[in-house]
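Notes for the one structure printed next.
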Amino acid sequence: MAETTTLEAWLARLERQHPVAIDLGLERVSAVAARLGLKTRALAGRVITVAGTNGKGSTVAMLDALAREHGWRSAAYTSPHIQRYNERLCFDGEEVDDAALVEAFEAVEAARLADEEISLTYFEAGTLAALWLIGREQPDVALLEVGLGGRLDAVNVIDPDVAVVTTVAQDHAAFLGTHLETIGQEKAGIMRSGRPAVLGSTVLPASVRQHAEDLTAPVFALGERFDWQAAADGWQWQGETVTGESLIMRALPDPGLPLDNAATALQALALAGIPLEEAACQRALGRAVLAGRLQWQGPWCLDVGHNPHAAAYVATYLAQRPPRGRRFCLLGMLADKDAKGVIEALAPQIDAWVPVSLGGDRARDAEQLATFLRACDARVLDCAASPDAGVRWLHTSMDNGDEVLVCGSFWTVAEALTTLESLGVVASPRSVS
């Protein structure tokens, strides 16, 4: 392993060591987890695992902010990253450094080669590395975001104390199918017998609750055992502890993230045993941020949403804050995503579009997106060869008062954000709906 001494080298190595990028199943990753000792000791004081089509990242971000504001040491594992791989694992809000990741990858490599060699995907190796580091640090609470699905995702090698399902919609159809009941069953696979299951949407398929009930997992569903409502001084939340004690948090600030997810985070923490304090909740939600989700860089709004459900939320948010000038959309999507559905959801809030091409095997080029846009009678200003080219074109074409939504993919947002930073477009104070 002499040539694999830097994080960059390790990531390049992991990308090519397994024959396919996504290979769902727990047999291989569980075997390596056992060799690493992850099956025989507790990962953290409490583990909360979050699955869902949309809303996982914002829920974890608010869980993390809330836990830390209550004095709990936290670890948060999320994916994918936007600009740096280190974003995937944070301890107490700080990204893990390169040296720790290299050490963890070395430990995972040694474990997978011990005895009979076991092949791991990029995501599986990264997940095991994160879990190994979390286990070494032993935080008070570990927050684990599922990568894809739930039941067969590498994160599911760890038994959570509280399982959260945020939303269920169509995405990753090649792996999860298109039937919502089947998708819900896969995401509910993170639940464990007798342990609380938090359902963070009022419109989940019946299979999610049914799976929890089959496991005799106590169900805490939004709109039933916890809920939120608008108030004159912000919003308020009402929920329960695991023993059934009623809790109320008042005068909560809008975090600029979905309030269903904020309410879900509060309920999950209450079930994890954190004694919630109103002032701490107010402080945490007032400062919670999530890169790539309604993130403002000057007049540019960046959101990684890449399916119709996520696009509909963005459109609702934008409808509440009309621009002074025109609103453009820089759109870049992968070929396996529902471009037509995303465009139809966003179209009422967009004056004109700049589709951009993405690179890689799953890429969809700008002309293909333009075809979808024109079929929806949308105005196409330009087709750009990349997000970078699209950002630069719009940057020179915008007037004062104009704004741009950048969306469609993590890759689109990552490249656009890098370009905006190079152009000196600075982050704006957070705008909330």
Side-chain angles (χ1 to χ4, degrees), residues 52-59 61-62 65 166-167 169 200-203 222-223 227-237 249-266 282 284-331 341-354 376 378-379 394 398-408 412-413 416-417 420 425 427-433:
T53 305
N54 297 304
K56 299 187 298 291
S58 57
T59 301
M62 288 183 279
T166 56
T167 61
S201 171
T202 58
V203 292
L222 178 66
D227 210 344
W228 67 270
Q229 62 184 20
D233 50 357
W235 63 284
Q236 71 176 37
W237 170 86
M249 299 291 140
R250 299 179 175 84
L252 298 172
D254 190 331
L257 297 166
L259 293 184
D260 281 1
N261 297 340
T264 297
L266 287 164
Q282 291 167 348
L285 293 172
R287 64 184 60 163
V289 294
L290 182 60
R293 274 77 164 190
L294 299 177
Q295 176 183 355
W296 285 90
Q297 294 285 134
W300 299 72
C301 179
L302 300 100
D303 193 277
V304 297
H306 50 264
N307 56 50
H309 183 273
Y313 177 79
V314 172
T316 300
Y317 167 82
L318 293 176
Q320 298 170 355
R321 54 174 327 279
R324 291 185 292 113
R326 301 163 294 176
R327 179 179 285 142
F328 305 122
C329 179
L330 185 151
L331 180 68
V342 168
I343 290 166
E344 289 175 346
L346 293 174
Q349 305 304 323
I350 304 300
D351 296 308
W353 303 72
V354 175
C376 294
R379 182 186 176 200
L394 278 166
M398 295 166 61
D399 296 329
N400 287 335
D402 292 345
E403 64 183 41
V404 181
L405 170 66
V406 178
C407 65
T412 306
V413 168
L417 185 58
L420 288 170
V425 179
S428 303
R430 186 178 62 199
S431 300
V432 295
S433 56

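- For N400, there are no side chain to side chain contact (heavy atoms under 4.5 Å, CB included) partners at least two apart in sequence or on another chain.
- Contact of the R327 side chain with the L318 side chain is registered, since non-hydrogen atoms from C-beta on lie closer than 4.5 Å.
- Heavy atoms only, all atoms of each residue included: P253 and Q282 are closest at CG-O, 3.3 Å.
- P255 and L259 make their closest contact through CD-CD2, 3.5 Å (heavy atoms, listed as atom of the first residue, atom of the second, distance).
- V406 is listed as a side-chain neighbour of W300, based on a closest heavy-atom distance under 4.5 Å.
- Contact detail for A319 and P322: the closest heavy-atom pair is O-CD, 4.0 Å.
- A347 pairs by the side chain to side chain contact (heavy atoms under 4.5 Å, CB included) definition with W353, not counting sequence neighbours.
- Across all their heavy atoms, L222 and G200 have their closest contact at CD2-O, 3.6 Å.
- Looking at D351 and R379, their side chains never come closer than 4.5 Å, going by heavy atoms from C-beta outward.
- Here R326 pairs with D399, D402 under the salt bridge (Lys or Arg N to Asp or Glu O under 4.0 Å) rule; sequence neighbours left out.
- Residues forming a side chain to side chain donor-acceptor pair (under 3.5 Å) with R293 (at least two apart in sequence, or on another chain): none.
- Shortest non-hydrogen contact noted between A310 and G305 is CB-CA, 3.8 Å.
- You'll find the side chain of L266 reaches within 4.5 Å of the side chain of L252, heavy atoms only.
- You'll find the side chain of L346 reaches within 4.5 Å of the side chain of C407, heavy atoms only.
- Listed by chain and number, the residues in a side chain to side chain contact (heavy atoms under 4.5 Å, CB included) with A61 are L290 (sequence neighbours excluded).
- Take T167 and apply the side chain to side chain donor-acceptor pair (under 3.5 Å) test, not counting sequence neighbours, and it matches no residue.
- Partners of W228 by side chain to side chain donor-acceptor pair (under 3.5 Å), not counting sequence neighbours, listed by chain and number: D260.
- From C329, atom SG reaches atom CD1 of I350 across 4.5 Å, with rounding to the nearest 0.5 Å.
- Under the salt bridge (Lys or Arg N to Asp or Glu O under 4.0 Å) criterion, the residue pairs touching residues 341-350 are K340-E344, with sequence neighbours excluded.
- Among L330, D303, V304, the one residue that satisfies the side-chain contact (heavy atoms from CB on, under 4.5 Å) test with T412 is L330.
- With a 4.5 Å cut-off on side-chain heavy atoms, Y313 and N54 do not count as touching.
- You'll find the side chain of E403 reaches within 4.5 Å of the side chain of W296, heavy atoms only.
- A donor-acceptor distance shorter than 3.5 angstrom exists from the side chain of W237 to the backbone of A263, with no hydrogens or angles considered.
- Here the straight-line distance linking atom CD of Q349 with atom CG of L405 works out to 10.0 Å at 0.5 Å rounding.
- Of all the heavy atoms in A288 and A65, the pair that sits closest is CB-CB, 4.1 Å.
- Looking at heavy atoms from C-beta onward, L294 lies in side-chain contact with C301 at the 4.5 angstrom threshold.
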